[in-house]
Structure formats: structure tokens, C-alpha cells
Amino acid sequence: MLEIARIREEKENIIEGLKKRNTDFSEKINGIYNTDAAWREVKKELDEIAAESNKIAKEIGQLFKEGKQQEANAAKEKTNLLKEKEKAAREKEASLAEDLQKRLYEIPNVPSSKVPNGKTPEDNEVARTGGNVPALPETAMPHWDLAKKYNLIDFEMGVKVTGAGFPFYYGKGARLQRSLINFFLDQARDNGYTEVLPPFVVNQDSGYGTGQLPDKEGQMYHCEVDDFYLIPTAEVPLTNMYRDVLLNENDLPIKVTGYTPCFRREAGSYGKDVRGLNRLHQFDKVEVVHIEHPSKSYETLETMVAYVEGLLQKLELPYRVLKLCGGDMGFTSALTYDLEVYSAAQKKWLEVSSVSNFETFQANRLKLRFRDKDGKNKLAHTLNGSALALPRIMAALLENNQDETGIRIPKVLVPYTGFERI
RNA sequence: GGAGAGAUGGCAGAGUGGCUGAACGCGCACGCUUGGAAAGCGUGUUUACAGAAAUGUAACGGGGGUUCGAAUCCCCCUCUCUCCGCCA
């Protein structure tokens, strides 16, 4: 959520900045600006009434002490009128405040000046590429066929037991999955992240805290009886640990990592993109989260991208780093890098990580602040990134490393899997 | 699921109707002191809105009520803790 103070101070800049999202927010922002002005006006009026009431109340108290019953009772009469006025003003103030809050929730983050212009994924900027695309034999298969051939993953069993998008992993497939999780967590630990194993279900406040609500209501699985949401990413519990927290400046930066399954309804997705492991309702992911000093967050974003890139290099996967254009960026982000791996049999790029700086957008909702040197409380910056999302890594590993007799496991994973080939 | 207790500032914890935006302590910041540090001493230390400022107003889990006046009394809700039951 944008800070209302920013809209007061630099309304035009915000409208201009939001144009990168290819939507004109001038009407909404102006609406917020005017609602805020109206709210302040009513608040002022309410304050004046309250000041008057307080003054009279004090006088009455004094009169009672002095034993002047009659004068006190006369003064009481005066307050009746004030009370009515106060009630009306209070109702107006509350409804304006609520309206303002609701409207603010609907405004996405302002893209950073570094964000490229553009509307669709085609407009994303390729920052760099790495690794080599393997030369596959004629007989190369997409991962869903490989999964079947070597009995690694059973998609139909998932359909039977749960539904589409909930696969079963077997034998070496399950081992490889678990190995990747451990590899990613160990790498994160070696890079200074504290490992956290959070709940996989969160309450509504947490959904609002990181911005999934109200924007993505329909994308999360909702347990209505308890009003809990299945997490779509570990970002939600990991970041919400710091909701309503006041940190000391020297607590920063905070670096946490966590493995969780992620649950996404993916309402509206269909077609060949969803084949095999490409898009699932439940998948595993290791996430890294940073809480940073505002002056360092962009520097940190680059180091996070470099970290994720290093993981892909260790896994010997061909990849590219994209700087997302304004039209393709998420609601809460100010700047996002996507990392994609090349899946050689499908002959396409698959997104395996998204690394974002949210600046104060989440912190404002979370009330995540730190006390700076002058004793002032300031909003911190939050950042996070996938490091990494498993299914598409699995898909690329299977496809890119296949030969006529099996599938090769990258060297770094062998200590985890206990086998070198499938 | 049953019974009881509680929710106050960054933390801990007083406060049962006006003198309490809130004692005392801890923490934190700055200053003094010191060769340096610790200790000690002093000052300061929530946020929002209005105002040039002085200052005013609001907020003591959330909502409603009583009252001229509520952190304090009443009602509802949420959450936490303890005991009992059930259970991995």
C-alpha cells in the first residue's frame, strides 16, 4: 500500500510513475487525494468539537468541586447539542477513513525508475544470459514423457487422489525433489540466511500484510471454516513474522530463508503451458526474504539476483535474467527480475525465480519499521526471491541432461541424491 | 470442547471515574565523565491530524454503551495464558 503522505506530497509523480503499468491511475489517485482532503477537514472539525466538549467537562468538574450544583447542571445542558454534532462528525470521519483505506488497497506499487517500459512479457529486458543449451539427441523427450519412462512422477495418480496439478513423485523422482530442497537450503544457509520452517497456512491479516489480499483473493485456497489461506509462497509467512515489528537500525539487514510447498489455484490457466510440471496447484519452493535499510535495498536486489544466478550455474542449467517491464510486474513490486531456464526438449524458457524489491509497499501494510539514528521510526524495505521454485528446475534438469540411456544428475546434487544417473 | 485469568508505550509493569499520553524500571539516543570501555550522572525517547508556532485533538486488544467527563464502570467480539477433556 502506498503511503498516504506520499500521495499528498507528490501526487503527480505517482500518477506519472504508475503510467509504466499501462493503466491510467490519475482518476483513482485524484479520488484518494480528494477523499483524504475531505477526511482531514472532517477530522479538524471533530477535533474542534472535542476540544470544546473537553473544556466544558473540565468546567463542570470544577463547579461540582465548588459545590455549585445548579451552575453545573446548566452547563450540562450545553453539552447535549455538542454531542449530536460530535456523533455526526464522527460517523462521517469513520466512513471517509474506511473509504480511503479501501481505495488505497487498490493501488499497485509505483514502478522504480529503473523499470523498462512495456506491456507484455515480450517487452521484458534481457539483462544477461548464462550456461549452454545442450545438443539433444533426435530421440529427446519432454519431461512428462521422461517422468513416465523412468517412473519418476505420476500425474494421473494425482488426478485420481486430488485433481489436476497435484502430481505424485516416486523413487528417484521423489529423491531428486528432496535433494533439490536440501541443496537450496544449504546454499542459502552458506550465504547467511537463517533457515525458517513456517506454517503453510496463514490468517487473513497475513494475506493483507504481503499484498496477496485483496488483489489475489481468487488465487489462494481458502479454508472458510477457520478463515485461513493456504500459502501461495513462503514469502507470506516469512515476511509476516515481521508484521507490527519495530526493529533497531542495526538489526538490519534481516535475511531468512524457508522451504514450503506453495498452493495456487491458477484460476483461468489452461492450454499447453500447463503440461507436466510447467504449472501446478501445489509445488515446492525455497524462498529468500530480506528486510533492508531503504538506502541499501537496490544494491541488495542485485546481490539477490546474483545469488540465484549462482544456483543455476551450479546446476549447470542454461538461463537468462530478465528485468520485467512495467506491464508484466506484480502488484506489489517496484522492480522485479525474473530468472528463466531453458528447457531444451520443450524448446522454451521457463520462469524459475522472481526477485523483487517492494520498497515500503509491504512494510506500510505490515507496519514494519525500524528506529533510525535520530530515534525516528521509518518503514523498512522488503525484498524476496525464489531460490528456487522446484518443478521447472526439475523439468529442465530431466530434459537437458537426458541421453539414450538415461538422465545425468549435476555434480553438486550427487551428494544429496546418492545416485549419478537415473 | 468445559472452567478460570488476562490484553496498557520498544520491553517489563503500575494505574479502578476528572490532577494519567500514561508512574518506577529496562532498553535505546545524545551529552558529561574516561587514555579507551564499563559504571555513574544529566537530557531525551509513540503515532496520526490541524497549526508558522505555542498548542489542540485522537489512540491503553477491537467494537458498542453508561457519564458533563472512561485506560478505569457495563455489554459484545477477538486473541493469549492456566487447569480439565480429547488427540499426533
Side-chain angles (χ1 to χ4, degrees), chain A residues 1-9 11 32-105 197 199-209 213 223-229 237 240-252 254 291 293 360 363-380:
Chain A
M1 184 167 61
L2 295 180
E3 294 148 83
I4 186 67
R6 260 183 85 188
I7 294 177
R8 280 180 204 140
E9 284 159 23
K11 180 165 71 89
I32 287 171
Y33 185 88
N34 293 332
T35 305
D36 176 59
W39 172 78
R40 282 188 290 171
E41 187 134 329
V42 174
K43 182 75 166 58
K44 187 178 172 185
E45 196 183 307
L46 186 59
D47 285 355
E48 281 163 1
I49 295 167
E52 180 71 13
S53 303
N54 288 346
K55 204 179 121 206
I56 295 174
K58 269 182 192 146
E59 285 168 8
I60 292 172
Q62 191 57 37
L63 289 171
F64 273 125
K65 261 182 206 160
E66 290 166 8
K68 298 176 181 166
Q69 290 284 343
Q70 277 193 338
E71 287 173 53
N73 287 329
K76 278 191 198 179
E77 298 290 315
K78 278 203 290 185
T79 62
N80 288 338
L81 185 68
L82 272 177
K83 270 189 179 170
E84 272 171 44
K85 273 169 75 180
E86 189 182 343
K87 199 181 170 201
R90 201 167 42 193
E91 275 165 16
K92 203 167 159 196
E93 188 267 344
S95 97
L96 280 169
E98 194 188 330
D99 184 30
L100 187 62
Q101 181 74 0
K102 214 177 108 201
R103 288 164 183 251
L104 272 171
Y105 269 131
L197 182 60
F200 304 154
V201 173
V202 296
N203 60 29
Q204 205 179 47
D205 285 348
S206 295
Y208 275 95
L213 292 174
C223 314
E224 291 188 17
V225 180
D226 297 297
D227 203 10
F228 288 151
Y229 292 86
N240 272 282
M241 289 197 290
Y242 297 94
R243 171 151 48 82
D244 295 319
V245 165
L246 180 59
L247 297 162
N248 280 318
E249 188 164 9
N250 51 23
D251 293 332
L252 300 174
I254 286 172
I291 296 167
H293 193 282
T360 58
N364 189 35
R365 293 186 175 200
L366 292 160
K367 292 204 190 65
L368 165 49
R369 297 163 301 163
F370 68 96
R371 202 190 290 275
D372 76 1
K373 291 234 157 28
D374 305 322
K376 285 295 260 182
N377 298 338
K378 286 187 177 159
L379 294 172

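Residue numbering restarts at 1 for every chain, and letters A, B, ... go by the order of the sequence lines.
rG64(B) and rC30(B) have their C1' atoms separated by 45 Å, with the value rounded to a whole Å. rG69(B) and rG65(B) have their C1' atoms separated by 15 Å, given to the nearest Å. Remark: the separation of the C1' atoms in rC68(B) and rG17(B) is 12 Å, to the nearest Å.
Listed by first and then second residue, the salt bridge (Lys or Arg N to Asp or Glu O under 4.0 Å) pairs that reach into residues 51-62 of chain A come to none, sequence neighbours excluded.
Side-chain atoms of L96(A) and V42(A), non-hydrogen and from C-beta on, do get closer than 4.5 Å to each other. Two residues are said to be in side-chain contact when any heavy atoms from C-beta on lie closer than 4.5 Å; K87(A) and K83(A) fail this criterion. When side chains are defined from C-beta on, I32(A) does not count as touching L2(A), because their heavy atoms never get closer than 4.5 Å.
With a 6.0 Å radius and a threshold of 12 heavy atoms from other residues, nucleotides or ligands, K85(A) has its NZ atom at or below the threshold. Atom CD of E98(A) sits in a sparse spot, with 12 or fewer heavy atoms from other residues, nucleotides or ligands closer than 6.0 Å. The environment of E41(A) atom CD is sparse: at most 12 non-hydrogen atoms of other residues, nucleotides or ligands sit within 6.0 angstrom. Remark: F200(A) CZ is packed, more than 12 non-hydrogen atoms of other residues, nucleotides or ligands lying under 6.0 Å away.
For F64(A), the listed nucleotide lying nearest its side chain is rC68(B); candidates were rC49(B), rU45(B), rC68(B). Candidate nucleotides rG18(B), rC49(B), rG10(B) were compared by shortest atom distance to the side chain of L246(A), and rG10(B) ranks first. With rC68(B), rA50(B), rG10(B) as the candidates, the nucleotide lying closest to the side chain of K44(A) is rA50(B).
Considering only residues two or more places apart in sequence or on other chains, D227(A) meets the side chain to side chain donor-acceptor pair (under 3.5 Å) condition with H222(A). Applying the side-chain contact (heavy atoms from CB on, under 4.5 Å) test to N364(A) and every residue at least two apart in sequence or in another chain returns M1(A), E3(A), L379(A).
Taking atom NZ on K376(A) and atom P on rG44(B), their separation rounds to 17 Å, with Å as the unit. Distance CG (N248(A)) to C1' (rU45(B)): 12 Å, rounded to an integer number of Å. Atom pair D372(A):CG and rU46(B):C1' shows a separation of 14 Å (rounding to whole Å applied). The separation between K378(A) atom NZ and rU45(B) atom C1' is 16 Å, rounded to whole Å. What separates CG of D244(A) from C1' of rU46(B) is a distance of 14 Å, to the nearest Å. One atom, CG of D36(A), and another, P of rA50(B), lie 8 Å apart when rounded to the nearest Å. If you take CD of E3(A) and P of rA48(B), they are 11 Å apart, rounded to a whole angstrom.
Between R369(A) and the phosphate of rG10(B), there is no side-chain N or O to OP1/OP2 separation shorter than 4.0 Å. Close to rC49(B), at under 4.0 Å from its OP1 or OP2, lies no side-chain N or O of R40(A).
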Dot-bracket pairing map - RNA chain B, Watson-Crick plus G-U, both contacts under 3.5 Å, | cross-strand:
((((((((.[[...)..(......]]((((((.......))))))(((((....))))).[[[[[..)....]]]]])))))))....
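Once rounded to the nearest 0.5 Å, the distance linking NE2 of H293(A) with CG of L247(A) reads 11.5 Å.
Contacts between residues 73-87 of chain A and RNA chain B, counted as heavy-atom distances below 4.0 Å, involve K76(A), T79(A), K83(A).
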Would you list the protein and nucleotides 54-61 of chain B atom pairs, both N or O, that sit under 3.5 Å from each other?
{"unit_1": "rG56(B)", "atom_1": "N2", "unit_2": "D47(A)", "atom_2": "OD2", "d": "3.1"}
{"unit_1": "rU57(B)", "atom_1": "OP1", "unit_2": "N54(A)", "atom_2": "ND2", "d": "3.2"}
{"unit_1": "rU57(B)", "atom_1": "O2'", "unit_2": "D47(A)", "atom_2": "OD1", "d": "2.6"}

From CA spacing to verdict: side-chain contact (heavy atoms from CB on, under 4.5 Å), F370(A), L246(A)
CA-CA 5 Å; F370(A) 68 96; L246(A) 180 59; 5.6 Å; no
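Across all strands, R90(A) comes closer than 4.0 Å to no nucleic acid atom at all (heavy-atom distances).
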